[in-house]
Amino acid sequence: MKKLSSQIDISILEKAKILEMITDYLLKYTNSTKTCYACNIIDDVLILGAINSSNLNLARNYQREILKDINAKFYGSLSKKLTKIKFKIISNPII
């Protein structure tokens, strides 16, 4: 049986690692609880998801600071500078 990492494209694994690091970094803005998740990066847009709208509003209040900090901290990992955040409500983030 082949290793899972040999069957998945390396770019997908790298993107998943960056999204996980961004999710962990968002704890700074969400009062040390994991309520907001980095779901995807499409072009220069970061998509953040949360279980309910009150958690999204918490992240939405810090939208500019989040963009500024993520662009500074993950400058080497991101291929493009993020310019916008889209917010989505997700049903089950831990799948």
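Computed over heavy atoms, backbone and side chain alike; hydrogens, waters and symmetry mates excluded. These numbers come from a predicted model, not from an experiment.
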Worksheet item: Okay, side chain of D9, backbone of I12: is any donor-acceptor separation there less than 3.5 Å?
Response: no
Practice prompt. Give a yes or no answer on whether the side chain of K80 reaches the backbone of I42 with a donor-acceptor pair at less than 3.5 Å.
Written response: no
From [atom1] ([X]) to [atom2] ([Y]), nearest 0.5 Å:
{"X": "R60", "Y": "Q63", "atom1": "CZ", "atom2": "CD", "answer": "7.5 Å"}
{"X": "S79", "Y": "E14", "atom1": "OG", "atom2": "CD", "answer": "10.5 Å"}
{"X": "N55", "Y": "Y37", "atom1": "CG", "atom2": "OH", "answer": "9.0 Å"}
{"X": "K68", "Y": "K81", "atom1": "NZ", "atom2": "NZ", "answer": "11.0 Å"}
{"X": "L46", "Y": "L78", "atom1": "CG", "atom2": "CG", "answer": "8.5 Å"}
{"X": "R64", "Y": "I85", "atom1": "CZ", "atom2": "CD1", "answer": "11.0 Å"}

Can you confirm whether [X] sits close enough to [Y] that some side-chain heavy atom of one is under 4.5 Å from a side-chain heavy atom of the other?
{"X": "I51", "Y": "I89", "value": "no"}
{"X": "K88", "Y": "L56", "value": "no"}
{"X": "C36", "Y": "L58", "value": "no"}

Worksheet item: Can L48 and L26 be said to form a side chain to side chain contact (heavy atoms under 4.5 Å, CB included), step by step?
Response: CA-CA 10 Å; L48 295 181; L26 290 174; 3.5 Å; yes
Discussion item. Quick check: closest heavy atoms across L67 and T83, and the distance to 0.1 Å?
Written reply: CD1-O, 3.6 Å
Fill in: Single-linkage hydrophobic cluster, 4.5 Å side-chain cutoff, I47 and I41 together
no
Worksheet item: Does OH in Y62 sit with more than 12 non-hydrogen atoms of other residues, nucleotides or ligands closer than 6.0 Å?
Response: no
Item to complete: Can you label the angle between the F74 ring and the Y25 ring as parallel, tilted or perpendicular, going by 30° and 60°?
Response: perpendicular
Fill in: Worked check of side chain to side chain contact (heavy atoms under 4.5 Å, CB included) between I70 and I22
CA-CA 7 Å; I70 288 176; I22 291 173; 3.6 Å; yes
Discussion item. If the test is side chain to side chain contact (heavy atoms under 4.5 Å, CB included), which one of V45, I66, N71, D43 qualifies with L82?
Written reply: N71
